[in-house]
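The block underneath contains the structure these notes are about, expressed in structure tokens.
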Amino acid sequence: MENEMTTEPGDRASQFDVAIVGCGPVGALLANLLKQYGHKVAVLEREPDIFYAPRGMGFDDESTRIMQSAGILDRLKAEGHIYQADLELIDRSGKRLGGFDRRSVGEDLLSGLHGHRHLTLFHQPSLEATLREEFATGENAATAYFNHEVTGITDQGDRVELNCKDRATDEEHSLIAKYVVGCDGARSTVRKTMNVPRIDLKYTQKYLVVDAIVDDPVYFRTMIPQGGYILLDGKEAGVLAKGLHGHVRFDFLQHSETIGQELKTDEDYQKAARDLIRSRGFDPENFRVIRSVSYTFHAGMPSKWRVGRLMVAGDAAHLTPPWSGQGLNMGVRDAANLSFKLNLALRGKSSDRILDTYDEERRPQSLETIQAAVDMGIRMQNTSPLQIGLRNLAYALSRKSKFVNRLLFKNWIRKPSYKSGLLGLQHRLSGGPMFQPWVETAEGKRVRMDDLIGLNFALISTDSPTGPEVRQFVSELGGVVLKLDCDFFDPSETVCKWYDEHRINAVLLRPDRVIYDAGRDGQALCRSLLAELRK
């Protein structure tokens, strides 16, 4: 990867379609997606290297599906950087209050919609290394500038100029991009440049975050339970998760009884980490603490995610407490949504008003998701005996009733369908995600549906839609048309039953697997989409 930048803004080498500020998982994923669309991308990152400790740890089923679409998932699996897991809710003694696993929720809910289990734990440094290698190699590789700090951003109306400084040499550089996306975290330079008010959800809590490595593979394999655990206790609320490559994460309220003291020195933090590990029933001697830090979680977001040619994604666009595990997952959905819309704008398939629908769709949904995490945090930390009793009763019922547990599961992470944006809105399915079944190709190969589509719009129909709008859909947008029992087969009849249930013959999918619209006339769906893009 490059670590130098040209000094002349007019030089062709310094001009890009998109400049991404920040190369964490969201920025690196966005670079991969835009690369696959064929765009010239620059990635600017102020740090010289990948952060040594995992911060995010879990993909939900939709994020795992997006990694599949981006072509990253198989490599992560093959190299042992991810594993499928369950999540359990426990009390201070370790007793199971409830859980979101196949036994108590049902396989259909856990992995029926997106084709993957609800929780997939991953190793963030390995994920970032994989994403960086992927966007920096092959045709149309992105250009990465590490150890470069963005010092100024000027939206000039028809382009954006970025001024940067090489932190190793203090040399100053500049580049030009048609659009800039800030994936540069909670202190985002791009968001500050946009200068928009903040929506504050009035939630602030300080946590002790401990990352530890178990060097003994036998102890790690046999003594650390698989998956993630949320401790519900007013005085000890926190999260424990077993990662990969010996990594274990503890996120606990800093005011908990176990920690209980003001932390000032490195020795204070190391002692607090050992006390926390011991409180969860482990011998601290088996853990090598690589990070023990205070972290304050907030809940909120900027009131706009796009101003002119500047946009934000990931933590630059939304901050959430960790209780729903949705911080990074929201960012992954941002990248999937924004990448295909940037592609439409850059290729002239739509005016750049299409980018307003990124804010219109992602911001309201993320606000609801963050509110669910805040609500979960409040329930976890409740000290009222009555409220605790009612909460525990609900979880007791969930252990006996799959129906009750499914309700709790759906309320735990709220991701409402999009209500407006790039949508047809003629059918109630519009704005929600399309499920991903296993199907068979004409050659008899068993594949997931998305593998037949790629990063494209797709019209999936029970008949053979024809007409000029369908031809335009294919020729102008690169749309994929798939006919059931011709281009693919449905041995389990999952797709057929779903079509019958919703009384449709065709569904038109966006590249992010959101349903644009559905109905009985595939040509009409294509006509609607083409008209929407011409606005």
Side-chain angles (χ1 to χ4, degrees), residues 1-35 39-56 72 81 123-138 140-155 159-194 209 211 290-291 293 295 310-317 328 331 335:
M1 298 185 189
E2 298 184 34
N3 199 42
E4 298 180 356
M5 302 178 69
T6 55
T7 57
E8 295 297 326
D11 190 311
R12 182 175 178 81
S14 68
Q15 298 186 27
F16 297 89
D17 293 322
V18 181
I20 299 170
V21 182
C23 195
V26 176
L29 173 62
L30 182 59
N32 273 278
L33 294 170
L34 290 170
K35 168 196 168 183
H39 299 296
K40 188 175 182 183
V41 178
V43 183
L44 299 101
E45 169 57 53
R46 74 183 307 277
E47 299 299 331
D49 301 304
I50 293 170
F51 190 67
Y52 66 95
R55 285 179 280 203
I72 303 297
H81 301 320
H123 185 253
Q124 183 170 336
S126 299
L127 168 68
E128 291 190 33
T130 300
L131 289 168
R132 291 183 181 194
E133 288 175 17
E134 291 288 337
F135 73 58
T137 57
N140 197 48
T143 304
Y145 302 107
F146 296 113
N147 212 24
H148 279 77
E149 184 169 7
V150 176
T151 57
I153 302 172
T154 305
D155 187 341
R159 63 182 190 172
V160 182
E161 182 174 355
L162 295 97
N163 298 315
C164 317
K165 182 175 72 173
D166 186 326
R167 298 175 69 211
T169 65
D170 284 335
E171 291 183 65
E172 295 185 353
H173 309 275
S174 64
L175 63 84
I176 298 296
K178 295 175 183 175
Y179 296 99
V180 171
V181 183
C183 302
D184 47 345
R187 298 182 178 89
S188 171
T189 299
V190 177
R191 187 186 65 241
K192 290 175 183 176
T193 304
M194 290 166 59
V209 177
D211 290 296
I290 60 172
R291 187 170 69 129
V293 295
Y295 192 93
L310 308 182
M311 285 149 282
V312 288
D315 284 355
L328 175 57

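Since the structure is predicted, the reported quantities are computational estimates derived from the model, not experimental observations.
- Under the 4.5 Å side-chain criterion, counting only non-hydrogen atoms from C-beta, Gln124 is in contact with Pro25.
- Between Glu45 and Arg132, the shortest heavy-atom contact is CG-NH2, 4.2 Å.
- Remark: Asp17 does not engage Lys40 in a salt bridge, criterion side-chain N to carboxylate O under 4.0 Å.
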| message | Walk me through whether Lys35 and Val41 qualify under side chain to side chain contact (heavy atoms under 4.5 Å, CB included). | response | CA-CA 7 Å; Lys35 168 196 168 183; Val41 178; 5.5 Å; no
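- Residues Glu172 and Asp166 are not in side-chain contact: their nearest non-hydrogen atoms beyond the backbone lie 4.5 Å or more apart.
- Enclosure of atom CZ in Phe51 by more than 12 non-hydrogen atoms of other residues, nucleotides or ligands within 6.0 angstrom is indicated.
- Checking side-chain atoms of Tyr52 against main-chain N and O of Ile290 turns up a donor-acceptor pair under 3.5 Å.
- Looking at Glu134 and Ile72, their side chains come closer than 4.5 Å, going by heavy atoms from C-beta outward.
- Between Leu175 and Tyr145, some side-chain heavy-atom pair lies under the 4.5 Å cut-off.
- Here the closest heavy-atom approach between residue Val43 and residue Gly22 is recorded as CG1-O, 4.2 Å.
- Using a distance-only test at 3.5 Å, with no hydrogens or angles considered, no donor-acceptor pair links the side chain of Ser188 to the main chain of Asp184.
- Taken from CG in Leu44 to CG in Asn147, the straight-line distance is 12.0 Å, to the nearest 0.5 Å.
- In terms of heavy atoms, Ala177 sits closest to Leu162 at CB-CD1, 4.4 Å.
- Of the possible polar contacts, one joining the Arg191 side chain to the Ala186 backbone as a donor-acceptor pair under 3.5 Å is found.
- Partner of Cys183 under the side chain to side chain contact (heavy atoms under 4.5 Å, CB included) criterion, out of Leu30, Leu29, Val190, Val312: Leu30 alone.
- Every residue two or more places apart in sequence or in another chain that forms a side chain to side chain contact (heavy atoms under 4.5 Å, CB included) with Asn163 is listed here: Thr151, Glu161, Ser174.
- Put simply, the side chain of His148 does not reach to within 4.5 Å of the side chain of Glu171, judged on heavy atoms.
- Contact annotation: the side chain of Leu328 approaches that of Val26 to within less than 4.5 Å [non-hydrogen atoms, C-beta and beyond].
- In this structure the side chain of Ile176 never reaches within 4.5 angstrom of the side chain of Phe16, judged on heavy atoms.
- Residues that satisfy the side chain to side chain contact (heavy atoms under 4.5 Å, CB included) test with Thr193, not counting sequence neighbours, are Ile153, Thr189, Leu310.
- When atom types are taken as modelled, the side chain of Asp170 and the backbone of Lys165 share no donor-acceptor pair closer than 3.5 angstrom.
- Inter-residue side-chain proximity for Glu47 and Arg167 is flagged as met; some heavy-atom pair is nearer than 4.5 Å.
- Put simply, NZ on Lys192 and CZ on Arg187 are 8.0 Å apart, with the number rounded to the nearest 0.5 Å.
- Across all their heavy atoms, Leu131 and Ala28 have their closest contact at CB-CB, 3.6 Å.
- Here the CD-CD distance, from Glu128 to Glu133, works out to 12.0 Å after rounding to the nearest 0.5 Å.
- Considering only residues two or more places apart in sequence or on other chains, His81 meets the ring-ring contact (aromatic ring centres under 6.0 Å, His included) condition with His245.
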